[in-house]
Structure formats: structure tokens, C-alpha cells
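Heads up: the structure comes next, in C-alpha cells.
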Amino acid sequence: MIKNPRVLHKAQQEVRQVFGDDSGLHRLKYLDMVIAESFRLHPPGPLLAPRENRDQRVELNSYDEVPVNSYVIVNAWAINRDPRYWTEAERFFPERFMDRSIDYTGNDFQFIPFGAGRRMCPGNSFRMAIVKITLANLLFHFDWTLPAEQKNIDMTESFGVTLRRRYPLRLIPTPYRHIL
Ligand code: HEM
């Protein structure tokens with residue numbers, strides 16, 4: 001968001017209007033879109049758990065056959081930013097989720113930050129509550145700026161079992177003085 005002041009401002013406005021306490025959480029619709037867009041471009045689990053083809057040869061997209069006993073690893077990172085399914089795929093644009101449902105249940109195969117099928121992430125309600133409550137609180141209580149010497153943020157990622165920033169995120173929080 002710090003790279004997109006428009007998005008930051010919009011999300012912060014929503015949070016400060018709606019989110020007096022935790023009960024307003026479900027009304028933060030724009031924040032839902034921001035979180036979905038962040039998971040789309042930067043899924044913490046870029047490669048899903050390996051699957052093994054145990055029963056019979058199968059056809060899979062352009063692969064004519066996947067022999068028995070092969071491991072298949074799904075690259076969620078690549079799917080989430082595939083230009084065949086996403087307009088301006090590399091752009092951080094939360095509003096794209098206004099016209100489509102945010103489906104984290106693995107039924108929308110173009111958007112699988114939590115995987116799909118029987119091995120998909122079971123931490124469903126827990127993980128979203130943690131992410132949303134944390135972000136809403138950070139947006140509500142602080143204004144955020146880059147350190148003076150820093151002009152921009154390098155979003156290069158460090159790939160592994162989990163996806164992390166290559167360079168640490170350093171921001172300056174300024175406490176927000178609100179009148180209740
Ligand atoms: C932002 C938070 C999280 C993300 C992005 C995430 C993502 C994922 C992904 C991509 C998978 C692999 C799914 C697949 O291969 O289809 C997974 C598996 C799993 N996740 Fe999460 N997860 C998160 C939080 C959690 C939490 C909070 C818990 C537990 C409370 C959890 C428990 C698990 C477990 C046990 C599996 C393995 C499931 C299996 O192999 O059958 N996750 N997660």
C-alpha cells in the first residue's frame with residue numbers, strides 16, 4: 001500500500017470511518033479487496049504442497065500425460081498473475097475484486113493463495129482474522145511514511161517454501177490522534 005498512496009488513503013479512510021472496535025471488521029470491504037490483491041501478487045505459499053499421481057496416467061493442460069507416481073507441484077504464484085486470467089496482471093489494483101467474488105475456498109482456480117482440494121489450507125477463519133485485524137489496527141492507529149532517505153520500496157521477493165521480502169520493510173509510523 002505504501003507504494004500506492006491512493007490505495008493506502010482509501011483503505012485508511014474506510015478503516016477510520018467504520019472500524020471503531022473489532023465489531024466493524026466485517027464491514028471493511030475495501031480492506032478485503034486490498035488483502036486479496038496482496039495475496040494474489042505475493043502469496044506466502046508460492047508452490048502448493050506436492051501431489052502424487054497414484055492411480056492412472058492423466059492429461060493435464062498442455063502435458064499429454066502425467067505418468068503414474070509423478071509428483072505434480074502447482075505454481076500458485078504464476079497462476080495468480082497469469083495475464084490470460086488477469087487484466088494488467090502485474091498491477092496492484094484491489095478494485096479488480098469489485099467485479100468478482102473473493103473466493104478463498106479453492107473453487108476459483110485462477111486465485112489459489114490457500115491452495116485447493118483436499119490438501120488446501122485448513123487455517124481458514126483463523127488466518128483471515130489475524131491478517132485483517134492486524135492490518136486494520138495498523139491503519140487505524142498510525143499514518144505511514146517512508147524514511148526520508150528512501151525514495152521507493154523494492155518489492156523483490158525471496159523464493160523458498162514460503163515467500164518473503166528480500167529486503168526488510170522499513171516504514172515510519174506516526175500515531176493518529178482521533179477523537180471518539
Ligand atoms: C496468511 C496465512 C496463510 C497462508 C497464506 C496459508 C497458505 C497455505 C497454502 C498455500 C497451503 C498449501 C495448500 C495446498 O497445497 O493446496 C497451506 C497448507 C496448510 N496450512 Fe496454511 N496458510 C496460512 C495460515 C494457516 C494457519 C493460520 C494455519 C493453522 C491454524 C494453517 C494450517 C495449514 C496446514 C495444516 C496445511 C497443510 C494441509 C495439508 O497438507 O493437508 N495455515 N497453507
Side-chain angles (χ1 to χ4, degrees), residues 1-4 7-8 11-12 14-15 19 22 24-56 58-63 66-82 84-86 89-94 96-97 100-142 144 153 155-169 171:
M1 272 191 278
I2 199 80
K3 278 177 79 77
N4 294 268
V7 173
L8 176 60
Q12 199 154 44
E14 179 189 66
V15 168
F19 181 66
D22 289 355
L25 215 56
H26 67 283
R27 285 187 285 142
L28 299 173
K29 300 296 176 205
Y30 189 65
L31 193 61
D32 284 335
M33 292 185 238
V34 171
I35 292 170
E37 183 68 337
S38 306
F39 279 140
R40 183 183 74 82
L41 282 171
H42 309 286
L47 301 177
L48 303 187
R51 267 69 169 179
E52 186 180 356
N53 176 24
R54 287 192 299 186
D55 297 331
Q56 57 189 23
V58 291
E59 283 181 21
L60 192 63
N61 286 343
S62 52
Y63 299 94
V66 178
V68 177
N69 295 333
S70 308
Y71 281 112
V72 176
I73 295 178
V74 176
N75 187 341
W77 184 90
I79 292 172
N80 287 352
R81 58 173 73 213
D82 189 325
R84 283 174 296 177
Y85 312 123
W86 301 95
E90 298 291 330
R91 181 176 171 209
F92 183 82
F93 184 58
R96 70 175 77 243
F97 284 97
R100 58 185 293 160
S101 64
I102 302 177
D103 185 352
Y104 288 117
T105 59
N107 290 315
D108 179 355
F109 293 132
Q110 298 146 22
F111 181 62
I112 48 171
F114 299 105
R118 279 185 290 181
R119 300 290 306 279
M120 85 168 284
C121 179
N124 215 349
S125 40
F126 194 40
R127 69 186 176 224
M128 284 317 287
I130 296 169
V131 172
K132 201 169 171 184
I133 289 172
T134 307
L135 204 49
N137 273 291
L138 291 175
L139 287 172
F140 187 93
H141 292 290
F142 300 97
W144 295 93
I153 290 186
M155 294 296 288
T156 310
E157 292 163 324
S158 193
F159 281 86
V161 176
T162 55
L163 191 71
R164 287 171 292 126
R165 308 180 56 80
R166 180 167 296 173
Y167 308 105
L169 179 66
L171 300 177

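Quick note: numbers below take in every heavy atom, side chains included, and nothing from hydrogens, waters or symmetry partners. Numbering of ligands and ligand atoms starts at 1, following listing order.
The protein heavy-atom contact nearest to atom 39 (C) of ligand 1 is Arg119 NE, 3.2 Å. With hydrogens left out, the protein atom closest to atom 24 (C) of ligand 1 is Arg127 CB, 3.7 Å, a heavy atom. Of the protein's heavy atoms, Phe126 CD2, 3.5 Å lies nearest to atom 27 (C) of ligand 1.
Heavy-atom proximity to Pro44, at under 4.0 Å, picks out these atoms of ligand 1: 5 (C). Using a 4.0 Å cut-off to heavy atoms of Pro113, the atoms of ligand 1 that qualify are 7 (C), 10 (C). For ligand 1, the atoms sitting less than 4.0 Å from at least one non-hydrogen atom of Phe39 are 1 (C), numbered in the order shown with element in parentheses. Residue-ligand proximity, Ala116 to ligand 1, at heavy-atom distances under 4.0 Å covers atoms 16 (O).
Nearest heavy atoms, Tyr30 versus Pro94: OH-CG, 3.8 Å. In plain terms, the two heavy atoms of Arg119 and Ala49 that are nearest each other are NH2-CB, 4.2 Å. Nearest heavy-atom pair across Glu37 and Phe97 is OE1-CE1, 3.4 Å.
Checked against a 3.5 angstrom limit, the closest N/O atoms of Arg118 and ligand 1 fall outside it.
For the pair Gln110 (side chain) and Trp86 (backbone), a donor-acceptor distance under 3.5 Å is absent. Remark: the backbone N or O of Leu41 is paired with a side-chain donor or acceptor of Arg81 at under 3.5 angstrom.
Remark: among candidates Cys121, Ala129, Gly123, Gly117, the nearest residue to atom 23 (C) of ligand 1 is Cys121, based on non-hydrogen atoms. The heavy atom nearest to atom 37 (C) of ligand 1, considering only Ser38, Pro122, Ala49, Gly106, is found in Pro122.
Side-chain polar atoms of Asp103 and Ser101 form no donor-acceptor pair below 3.5 angstrom.
Of the options Arg165, Arg166, Arg164, His42, a side chain to side chain donor-acceptor pair (under 3.5 Å) to Glu157 is made by His42 and by none of the others.
Contacts with ligand 1 closer than 4.0 Å are made by heavy atoms of both the backbone and the side chain of Phe114.
Under a 4.0 Å heavy-atom criterion, Arg51 is in contact with ligand 1.
Aromatic ring centres of Phe39 and Phe114 lie closer together than 6.0 Å.
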